[in-house]
Amino acid sequence: MREGLLEDTLAMVEEISGLAAGMDEDDLGGAERIRELADEISFRSEAQGGMAREAASLSQIAKEMTSGQTDFSVAYIKMCAAVSRLQTAATDRERAGDAEGMTAREDSELSALSLPARTAETARLALSKSPEELELQLDLLEGLIQDMSAKDDHVLRVIKDFFWKIEMLVKDSGEAVGVARGAAQLAADTLAGEIPFEGGLQALRGSAGWFRGLMEGEFEDEAAADCSGTTIENAAMMASSLSTAGGFLEEMADELDAFESSIEDIGYGITETVGRLEASAGALEKAAGRFGMESAARLFAAVTTALKATGKDIDEKTTAGLKAAAECVNSILSGAFAVGDETWKSKADRIASGLAERGAQAKRPQAAKAAVAPQQAEQTSFSHPPAVEIDPSNPELVDFVTESREYLHASEMALVELEKHPGDSALINEIFRGYHNIKGIAGFLNLKDTQEVAHHAESLLDRARRGEIDIAGRAADVAFAAVDFLKEAVERVNAAVGGAKYETPSGYGELIERLKDPERSCSEERAAIEDRLEDKPAQTAAPAETCAQETKSAGKADGMVKVSTTRLDALIDAVGELVIANAMVTQEPEVAQTKSARLSRNVSHLGKITRELQELAMSMRMVSLKNTFQKMTRLTRDLSIKCGTSVELTYSGEDTELDRNVVEEIGSPLVHMVRNAVDHGIESAQERIAAGKPAKGRIHLSAAHEGGTVVIRLKDDGKGLDKNAIVSKAIAQNIVSADAELSDREIYSLIFHPGFSTAKKVTEVSGRGVGMDVVKRSIEALRGRVEIESEQGKGSEFIIRLPLTLAIIDGMVVNVAHEKYIIPTIAIVESLRPERGQIDTVVGRGEMLKVRGDLMPLFRVHRLFELDGAKTDTTDALAVIVGGNGKRCALMVDDLEGQQQVVIKALGGMFDELDGVSGGAIMGDGRVALILDTTGMIRLAHNS
Amino acid sequence: MAIAAAEEQGRKLNKYLTFTLGDEEYGLEILKVREIIGLMEITNVPRMPNFVRGVINLRGKVIPVIDLRQKFGMERADDTKETCIIVVDLDGLLMGIVVDKVSEVLDIQEQDIEETPTFGVSVDTEFIMGIGKAKGKIVIVLDIRRVLTAEEIKIISKTEKETGMK
């Protein structure tokens, strides 16, 4: 009897699944029939647990559907899920019963597979099979959130991933996807620091909780259908509250930023901002209140009161209190305090009461200046640098060095700008701030000389700000001198940390005097500039610093971190490997031809993430050219003073990004070229006026992307190149023959000829050529090219084309004796299949290939590399013509396989001196292929 | 300094990874071993001495692979399922060595390592740190740093080139 019942029941299940599969939109009759059947099942198999429960839930859903309570399509998805759960339950039931029912089970499985809509399949996967998985994810997730008390990037990243996974799991359950996505975004924003940590964490916890609720309600509870409506509502609410919380916290952080910058202004005596400060404090108070941060609200209330009391006569201590308040709240927002840690509250209250006190006794105006004045008077007596003791073990020193470099760089750039826009108070403030900060830290570290210079420089700027002196001209020179002195001092401190003895840089007394009185005539100034110019290329070319500063200066805006380059390279290696591994998995026949929608979906998702990660990793190597260009501005300024010409360098496209290595290496050739342009390209003011040009020479530096390469142009409006002079000099030096016909481009490229540049006369006549061969070589070492365009009398343009990155090259994959090799595409001129008549054998000297009248040596790669099994018939093989170092030759290979971008890997170690191979590349199948070095091959051929 | 410390520890650890080449069992300080990987396709590097099998891709790093049999002048054996590559870390320089079979990690006390006899071993004694005895086995303890100095390989490859030219 029991068996009969089971059979019947299974038949009913089958009928249900058939109905569900064949259901049209708004097929209420079908839904009604399903409900009947489900009711029947739940009644019949009452004693049999799982099935009854599933049937009841199905019936509930069907009822909901027919009554129009829920949207039909939403209910349909749920129904499909319930049906498949019912099928699973039936199958289990059947297994428990006997083996006889196997056929029925298979049938039910089959019908499940034949469910027409893709949604049915995915919904089934998502809702019926994933509870365990979802529960596991949630357990882990909750544990993670629970354990994280302070901001932990790694954990946040993992949390983000979990929400991603959950999003995948709930793919088809409407709003849940939204919540999961929102939560993942929230985690990402918290990670990026866009949302303060504490708030972000709370919201994440809420999201996890919401999913917990959803799961318990929807996947386990029998009354699933009942609460589905509510959960969806909840989901929408949760999603919207998440974005509000995020947005709100962001707002608060912004307001806090404004508040802080107002405080800073007050620090510089700009009291007009007190009103703004008050407004900010008010807004922050409200915001904190709304978010339930009572202590913070109280704190800002105290701030407002204190500000009201002091008004414009705000004193230093109150400012310090304000700063403390801002910092305290900032640290709460950024998650420096553990969640639930109450200490910050007491700290906030302490600051609040301190502020209240200040407010009460604020009627004692005490200008900051007054405090500074006597100090200044005392210091005028200094002409010898104070003794400075440095404790190399002090870790603060390292921070001092990095921070000071950053401040000095910013100040220097602002100074250059200031000369163009004299009186720009924002710039003056920027410079002032740089000196001020250095003064502060140096004072703290007892670096008296640095402190003094910074202090006097600060005073100078202060006077400029008040309009007492004009910052352009002499004063700017002095300010530059101060920057240089401080730079030197900072570098010496850096050396001292490494164990060297610290000595105050020379010119200390002089500088102090000049800072005090910038108008004083200064004979040494020119000498100082000239000195600087002498070692300028080396300085400008200091690449690592460029990069570090770049990262640092951008750091303020974007919340950046410094990462060691080895780690970065390791990351890029790992990502590259991930891409290969991903390709191997995807191409695996079992995976590629799988019937499982879940697997193929997951694989494609993995692919997407992998690509994204690869792009990210590659972009991490990229650095903008801004720093390099800025340095050129400074260089031009110094050079034009030295040469007595008036030249202005402008630049554009400085945000163009290039591989870190390229940016590091491009500095010194650029310095060379800028020097040449200022030194020789631009005429003297008189000549310029005579030629009808503006007296001030112009050099424009630009960078832009052009089809996979970056093009840097250096254009001047000087006298241009004298073609005739170049040609006659080249003929005189036997570089070209007298009767050679040369195109303009060929003529200009003569100046890159080694040896040509040293001829002094040409330099004078043509105006170019100092070390241009060096320039060309270093650009070619970067796998770039340099071209010249020029018009006599109008100016010249140097065009440098650089690859985006050094790590990747375009290569031609060739086969030789079953081995794959890569020839860099840039070296390839053409490839062809030689015909019998094209090959001549020169006795004792090897083979020559004749191509359109040109004769060039033909080298067989397999012979050079001593490989067996290659094609030996030249007419069957391919000749790849490569040009290296002006010499052309043909390499004989078996086959061309195609062009491909490859990542270059150093072979390193014992292969360093290997001729003909410049590195290895990892191919799509994970194997290593060697990259051929064409010049090395030629050398190899000549030696053997 | 770190290397010295590691070396110090290695001596104290007295643990050796043992592997076989032909009929003999060799030992290698465990701290020098980075990992053991199965034999994969090795890209041949031209114009290298024959004991350099080539290079492999070790998760994005290209590292050289040495055939220890050939290095020790034994005859080349066919690769089997048990043939594998031991990746050793020599002061940060990674190198793979192809061995017939990896056996186990063995504790060999310092007092159980004897001076190298000048005969009876098929390997140049220069590479041998000593003969170890443990669990009734005789293990030839290699001084892997000596075996695999890049300098030496460079020199060898150069001299081979030169002699090849004559």
Side-chain angles (χ1 to χ4, degrees), chain A residues 566 569-581 584 617 807 816-822 861-870 902-917 919-933 936-937 940 943-944, chain B residues 34-35 37-67 70-71 85 87-97 144-166:
Chain A
T566 39
D569 289 343
L571 174 78
I572 290 164
D573 277 354
V575 171
E577 205 56 12
L578 177 68
V579 171
I580 292 165
M584 291 198 312
V816 182
H818 314 297
E819 296 270 355
K820 279 181 192 167
Y821 294 97
I822 293 160
V861 175
H862 68 98
R863 276 197 199 148
L864 295 180
F865 283 175
E866 294 151 11
L867 302 169
D868 296 328
V902 294
V903 179
I904 304 174
K905 305 272 176 181
L907 293 183
M910 56 181 174
F911 301 121
D912 275 351
E913 289 168 26
L914 189 64
D915 261 345
V917 174
I922 293 164
M923 306 301 286
D925 60 0
R927 282 197 61 176
V928 182
L930 300 178
I931 300 171
L932 299 184
D933 163 26
M937 300 274 304
L940 190 66
N943 292 344
S944 57
Chain B
R34 174 68 81 87
E35 62 189 287
I37 50 179
L39 197 63
M40 53 169 87
E41 279 193 86
I42 302 175
T43 303
N44 176 36
V45 179
R47 302 173 66 82
M48 275 282 140
N50 60 357
F51 63 82
V52 179
R53 284 278 286 261
V55 288
I56 55 164
N57 165 23
L58 182 75
R59 289 185 304 280
K61 269 205 182 72
V62 176
I63 67 165
V65 177
I66 305 289
D67 192 323
Q70 304 230 10
K71 171 81 186 170
I85 301 173
V87 180
V88 292
D89 185 344
L90 297 174
D91 310 344
L93 188 73
L94 295 182
M95 245 187 235
I97 56 175
I144 199 70
R145 201 187 289 269
R146 283 243 172 115
V147 178
L148 297 178
T149 35
E151 278 313 307
E152 190 196 15
I153 289 165
K154 266 188 205 164
I155 292 161
I156 290 170
S157 84
K158 265 191 185 168
T159 50
E160 283 204 356
K161 265 190 226 166
E162 277 155 20
T163 49
M165 269 160 68
K166 279 170 200 167

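Per chain, numbering begins at 1; letters A, B, ... match sequence-line order.
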- request: For K820(A), check salt bridge (charged side-chain N to carboxylate O under 4.0 Å, His left out) against everything at least two apart and list the hits.
  value: E897(A)
- request: Look at E819(A), M923(A), E866(A) and state which one has the largest set of heavy-atom pairs under 4.5 Å with chain B.
  value: E819(A)
statement: The interface call for I63(B) against chain A, heavy-atom contacts under 4.5 Å, is neither
- line: Sorted by chain and number, sequence neighbours left out, salt bridge (charged side-chain N to carboxylate O under 4.0 Å, His left out) with R927(A) holds for E41(B)
field: CG on N44(B) to NE2 on H818(A), rounded to 0.5 Å
entry: 12.5 Å
field: For the student: nearest non-hydrogen atoms of V45(B) and L930(A), plus distance
entry: CA-CD1, 4.0 Å
- prompt: Near K905(A) NZ, under 6.0 Å, is it more than 12 heavy atoms from other residues, nucleotides or ligands?
  reply: yes
- prompt: Of the options T43(B), L58(B), I42(B), which is the one that meets V928(A) in a side-chain contact (heavy atoms from CB on, under 4.5 Å)?
  reply: T43(B)
